[in-house]
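The structure appears right after this line, and notes come after that.
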Amino acid sequence: MLSIALGELIQIFRNRLVLVTSFIMPTAVSAYFIRQHEVFADLGSLGYIAAVVVFTVGAFGLYTTTVTTLASRRQNLFLKRLRSTPAGDAGILSGLMLPVTVLALVQVVAILAVLAAVAGEPAHVPLLVAAVLSTVVMMLGLGLATAGLTNSPEHAQVTTLPVSLGTIAVASWVGITGTGELTLLKRLLPGGSATELVLNAWNGGVPVADSLLLLAPTLSWVVVAIALASRLFRWEPRR
């Protein structure tokens with residue numbers, strides 16, 4: 001698995017499109033939100049900014065890159081060749097997704113650390129860690145499922161739009177308006193409960209036990225995504 005991960009890490013830094021999608025775009029968006037943090041804090045809260053950062057990196061840096069990577073490796077038959085090695089299916093997928101996952105986590109931690117230094121620290125750091133990790137797992141699961149519907153890296157530019165833009169839209173909606181109204185709908189949408197968890201973790205004012213219940217909808221999406229991936233994911237191109 002580690003050898004696959006190392007090879008994939010090298011490929012990431014050689015691919016300009018992936019670099020732009022994974023690093024430059026999320027970093028630029030996050031930098032803008034942090035620079036204008038007073039404006040966006042008035043619009044929503046500091047927790048809203050943190051949620052947008054998490055989902056911008058999660059949607060573009062992690063989810064889109066995961067789908068593009070798997071589609072590319074399938075198209076050039078690299079996935080097929082890997083299956084002829086002693087590595088199992090889980091080890092192959094883990095190796096391919098490990099570099100982009102680690103890089104996304106490093107980005108989120110670094111950007112949130114800057115936000116904390118500029119605007120103030122979160123109220124509950126462990127709760128924020130739980131929110132970030134659950135979001136990362138959900139986006140990875142959705143990435144695996146979407147990869148099953150994606151024929152090529154070029155096709156990924158289309159297939160990833162609904163989830164990537166949708167989760168960011170949900171995060172903005174929940175971050176700005178809260179969950180006082182349409183509570184169930186907002187929490188059940190992908191990213192809704194995770195956004196509320198980030199808000200509670202950063203802004204405080206909500207009992208930790210109540211906030212932890214918000215992990216359930218996010219983890220439910222993980223189960224749904226993995227179930228879809230097990231049915232849709234393909235190791236070879238369609239003939």
Side-chain angles (χ1 to χ4, degrees), residues 26 29-30 33-34 37 40-63 66 101 104-113 115-116 119-146 162-229:
V29 172
S30 300
F33 270 83
I34 292 176
H37 68 272
F40 289 107
D42 290 338
L43 178 63
S45 64
L46 290 177
Y48 162 57
I49 300 174
V52 170
V53 166
V54 171
F55 276 96
T56 299
V57 175
F60 293 107
L62 180 59
Y63 167 76
T66 294
T101 303
L105 285 172
V106 170
Q107 270 188 289
V108 169
V109 171
I111 295 170
L112 291 183
L115 176 62
E121 298 181 356
H124 300 289
V125 174
L127 195 62
L128 182 62
V129 171
V132 170
L133 292 179
S134 62
T135 301
V136 166
V137 173
M138 181 184 73
M139 299 310 290
L140 279 174
L142 292 173
L144 278 172
T146 307
V163 171
S164 58
L165 296 182
T167 51
I168 293 175
V170 170
S172 296
W173 185 31
V174 173
I176 293 173
T177 65
T179 55
E181 298 179 352
L182 301 174
T183 304
L184 184 60
L185 173 62
K186 290 179 178 178
R187 288 178 175 174
L188 291 181
L189 287 172
S193 59
T195 298
E196 187 177 358
L197 189 58
V198 173
L199 295 175
N200 294 347
W202 201 283
N203 299 333
V206 179
V208 174
D210 293 344
S211 295
L212 288 176
L213 294 175
L214 296 170
L215 287 171
T218 303
L219 296 179
S220 297
W221 275 108
V222 174
V223 174
V224 171
I226 292 176
L228 288 173

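As the structure is a computational prediction, the values presented were derived from the model and not from experiment.
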So which heavy atom on Leu188 is nearest to which on Trp221, and how close? O-NE1, 2.8 Å

So which atom in Thr218 and which in Ser134 form the shortest heavy-atom distance, rounded to 0.1 Å? CG2-O, 3.6 Å

Nearest 0.5 Å please: distance from the CG atom of Leu214 over to the OG1 atom of Thr179. 7.5 Å

Hey, could you give me the CE/CD1 distance between Met138 and Ile226, rounded to the nearest 0.5 Å? 12.5 Å

Any salt bridge (charged side-chain N to carboxylate O under 4.0 Å, His left out) involving residues 46-61? Give me the pairs, sequence neighbours left out, ordered by first then second residue. none

Give me the atom names and distance for the closest heavy-atom approach of Ala41 to Leu46. CB-CD2, 4.1 Å

Report yes if some heavy atom in the side chain of Val170 is under 4.5 Å from a heavy atom in the side chain of Pro190; otherwise report no. no

Over all atoms of both residues, closest heavy-atom pair of Val198 and Ala131: CG2-CB, 3.7 Å

I need the Thr101 OG1 to Leu133 CG distance, nearest 0.5 Å. 11.0 Å

Taking the side chain as every heavy atom from C-beta outward, state whether Leu128 and Leu112 have any pair of such atoms under 4.5 Å apart. yes

What's the spacing between Asn200 CG and His124 NE2 if we round to 0.5 Å? 8.5 Å

For Val106, enumerate each residue passing the side-chain contact (heavy atoms from CB on, under 4.5 Å) test, keeping only those at least two apart in sequence or located in another chain. Val102

Heavy-atom closest contact (Trp202 atom, Gly120 atom, distance): CZ2-O, 3.4 Å

CG of Leu62 to CG of Leu142: how many Å apart, nearest 0.5 Å? 10.0 Å

Determine whether Thr177 and Leu182 satisfy the following criterion, side-chain contact (heavy atoms from CB on, under 4.5 Å), listing intermediate values before the conclusion. CA-CA 10 Å; Thr177 65; Leu182 301 174; over 6 Å; no

Give the C-alpha distance, both sets of side-chain angles, the deciding distance and a yes or no for side-chain contact (heavy atoms from CB on, under 4.5 Å) between Leu212 and Leu127. CA-CA 8 Å; Leu212 288 176; Leu127 195 62; 3.7 Å; yes

side-chain contact (heavy atoms from CB on, under 4.5 Å) between Val53 and Gln107: does it pass, once the steps are laid out? CA-CA 9 Å; Val53 166; Gln107 270 188 289; over 6 Å; no

Looking at side-chain heavy atoms only, is the closest gap between Phe55 and Val108 below 4.5 Å? no

Could you check whether the rings of Tyr48 and Phe33 sit parallel, tilted or perpendicular, using 30° and 60° as the cut-offs? perpendicular

Side chain proximity check, Thr195 to Trp173, heavy atoms < 4.5 angstrom: no

Can you tell me how far apart OG1 (Thr56) and CD1 (Ile49) are? Round to the nearest 0.5 Å. 11.5 Å

Of Val57, Leu140, Thr146, which is the lone residue that meets side chain to side chain contact (heavy atoms under 4.5 Å, CB included) with Tyr63? Thr146

Please name the pair of heavy atoms, one in Ser193 and one in Pro217, separated by the smallest distance, quoted to 0.1 Å. OG-CB, 3.4 Å

Test side-chain contact (heavy atoms from CB on, under 4.5 Å) applied to Phe60 and Leu165, step by step: CA-CA 9 Å; Phe60 293 107; Leu165 296 182; 4.2 Å; yes

